[in-house]
Amino acid sequence: MNIILTNDDGIDAIGLRVLYERLKKDGHRVGISAPLSNQSGKSQSINIRNSYKVRKDSTFEYGVDGTPADSVLFMVYSSEFEGFEPDVIISGINKGYNVSSDVPYSGTCGAAAEGAMNEYRAIAVSAECSDDSVFYKAAEFIARNLKALCDNVLPYTYISVNVPREGNVDDWESAKLAYFAHSNEIEKGEPIAPQLTIYHNRIFDRQEYKEVVREKCEKEQALRSDCEIVADKKISVSIISVVPRTFSSHLTGIKLNNDDL
């Protein structure tokens, strides 16, 4: 396969490098378009009017001074990747899970979503924040199951994989997303000018999770949540839509005057 790797931890991050070497071992053609620096929490944000620098490390390997989604767009639209049409874009391996309400904030997932929106198959891979051995486990899971994962990507979706350090590499389970409420605190720092003060955003442990409000779907309701699965030392695999979801219930209490439309 032709594979493009990206991430949000930066082009030199060990997770990306471990995955690169493992996929090359299987004979895949692997290119890289990834941020030059850590871009965690950048979601699917892009530079709209700003220029950015790009570092060429070798043929089809580029570090982009932008967000993870910028890196994907650079691969899709720049002339540097002519002759390299990817069969799949893989984002990761991220240091730390991207489960539950982490997903909308995650640059790892944002890069995969950008790939999916541009009609490429895409996979986001995240691993428990522990020692580096978990990256080798995650890379092995992706390598062993790459074709099956690609075959299960639906249009305008991507697959999100979360890998715990412990447990068997073949022990995985399909997952729905749980919902965790983050515990944040804004801490006031020192003033640096008469009208300018530094503030720090502190994110603490998540609160007890609740299931996301959703339409009834028997198949989906039968799935356990990603948080439950990784807590059981299993690999969680979720299919995530990049199209915002709407609910079929009718709005009430809103009057519409067709003459005003």
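Here D170 pairs with R144 in a salt bridge; the nearest charged N to carboxylate O distance falls below 4.0 Å.
V242 and L154 are members of different hydrophobic clusters when ILVMFWY side chains are connected at heavy-atom separations under 4.5 Å. Hydrophobic clustering, with ILVMFWY side chains joined whenever heavy atoms are under 4.5 angstrom apart, groups F135 together with W172. Cluster membership check: M117 does not share its hydrophobic cluster with I48, using side-chain heavy-atom separations under 4.5 Å among Ile, Leu, Val, Met, Phe, Trp and Tyr. Two different hydrophobic clusters hold L19 and Y97 under the rule that ILVMFWY side chains link at heavy-atom gaps under 4.5 Å. A single hydrophobic cluster is seen to contain both F141 and V134, as judged by linkage of ILVMFWY side chains at heavy-atom distances under 4.5 Å, directly or through other members.
Without hydrogens or angle criteria, N98 side chain to N162 main chain gives no donor-acceptor distance under 3.5 Å. Not one N or O on the side chain of S238 forms a donor-acceptor pair closer than 3.5 Å with the backbone of I240. The closest donor-acceptor contact from the side chain of S78 to the backbone of F74 lies under 3.5 Å. Side-chain atoms of T108 never come within 3.5 Å of backbone atoms of A124 as a donor-acceptor pair (strictly under, hydrogens ignored). Judged by distance alone, the side chain of N94 and the main-chain N or O of S126 form no donor-acceptor pair under 3.5 Å. A donor-acceptor contact shorter than 3.5 Å is absent between the side chain of D151 and the backbone of A148. Looking only at distances, a side-chain donor or acceptor of D87 sits under 3.5 Å from a matching main-chain atom of N2.
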- request: Just do the side-chain contact (heavy atoms from CB on, under 4.5 Å) check on L149 and V88 with the steps written out, would you?
  value: CA-CA 10 Å; L149 290 168; V88 62; over 6 Å; no

Intermediate values then yes/no, side-chain contact (heavy atoms from CB on, under 4.5 Å), V72 and S33: CA-CA 7 Å; V72 172; S33 184; over 6 Å; no

Check against side-chain contact (heavy atoms from CB on, under 4.5 Å), Y120 and V76: CA-CA 10 Å; Y120 288 93; V76 173; 3.8 Å; yes

query: Going through the distances and angles, do V237 and N152 end up as a side-chain contact (heavy atoms from CB on, under 4.5 Å)?
result: CA-CA 11 Å; V237 181; N152 279 278; over 6 Å; no

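Heavy atoms only, all atoms of each residue included: P164 and K137 are closest at O-NZ, 2.9 Å. When every heavy atom of S160 is checked against every heavy atom of C109, the shortest pair comes out as OG-SG, 4.4 Å. The nearest pair of heavy atoms linking L16 to I11 is CD2-O, 3.9 Å. The shortest non-hydrogen separation linking P68 to G107 is CB-O, 3.4 Å. When all heavy atoms of V153 and A122 are compared, the pair lying nearest together is CG2-O, 4.1 Å. S236 approaches V230 most closely through the heavy-atom pair OG-CG1, 4.0 Å.
One distance of note links CD1 of I142 with CZ of R22; it measures 11.0 Å at 0.5 Å rounding. To the nearest 0.5 Å, atom CD1 of residue I229 and atom CG of residue L223 are 7.5 Å apart. The distance from the CG atom of D65 to the OG atom of S37 is 6.0 Å, given to the nearest 0.5 Å. In this structure, OG on S71 lies 7.5 Å from CD on Q39, to the nearest 0.5 angstrom. In this structure, CG in N168 is found 6.0 Å from CG in D171, a value given to the nearest 0.5 Å. Taking CD from E166 and NZ from K233, the interatomic distance works out to 4.5 Å, rounded to the nearest 0.5 Å.
The shortest side-chain heavy-atom distance between M75 and I89 falls under the 4.5 Å cut-off. Using a 4.5 Å heavy-atom threshold, the side chains of L146 and H28 count as touching. No side-chain heavy atom of V18 sits under 4.5 Å from any side-chain heavy atom of E140. In this structure the side chain of Y77 reaches within 4.5 angstrom of the side chain of N118, judged on heavy atoms. In this structure the side chain of K42 never reaches within 4.5 angstrom of the side chain of D8, judged on heavy atoms. Between I32 and R17 there is a side-chain heavy-atom pair separated by less than 4.5 Å. Under the 4.5 Å side-chain criterion, counting only non-hydrogen atoms from C-beta, E119 is in contact with Y156. R55 has its side chain within reach of D57: a pair of non-hydrogen atoms, C-beta onward, lies under 4.5 Å apart.
Screening residues 39-60 for ring pair (Phe, Tyr, Trp, His ring centres under 6.0 Å), with sequence neighbours left out, gives F60-F81, F60-F84.
Within a 6.0 Å sphere centred on NZ of K95, heavy atoms belonging to other residues, nucleotides or ligands number 12 at most.
In this structure, Y199 shares a hydrophobic cluster with I186, the cluster being traced through Ile, Leu, Val, Met, Phe, Trp and Tyr side chains under 4.5 angstrom apart.
Judged purely by distance below 3.5 Å, without hydrogens or angles, the side chains of E82 and S79 never pair a donor atom with an acceptor atom. For the residue pair E61 and T59, no side-chain donor N or O sits within less than 3.5 Å of a side-chain acceptor on the partner.
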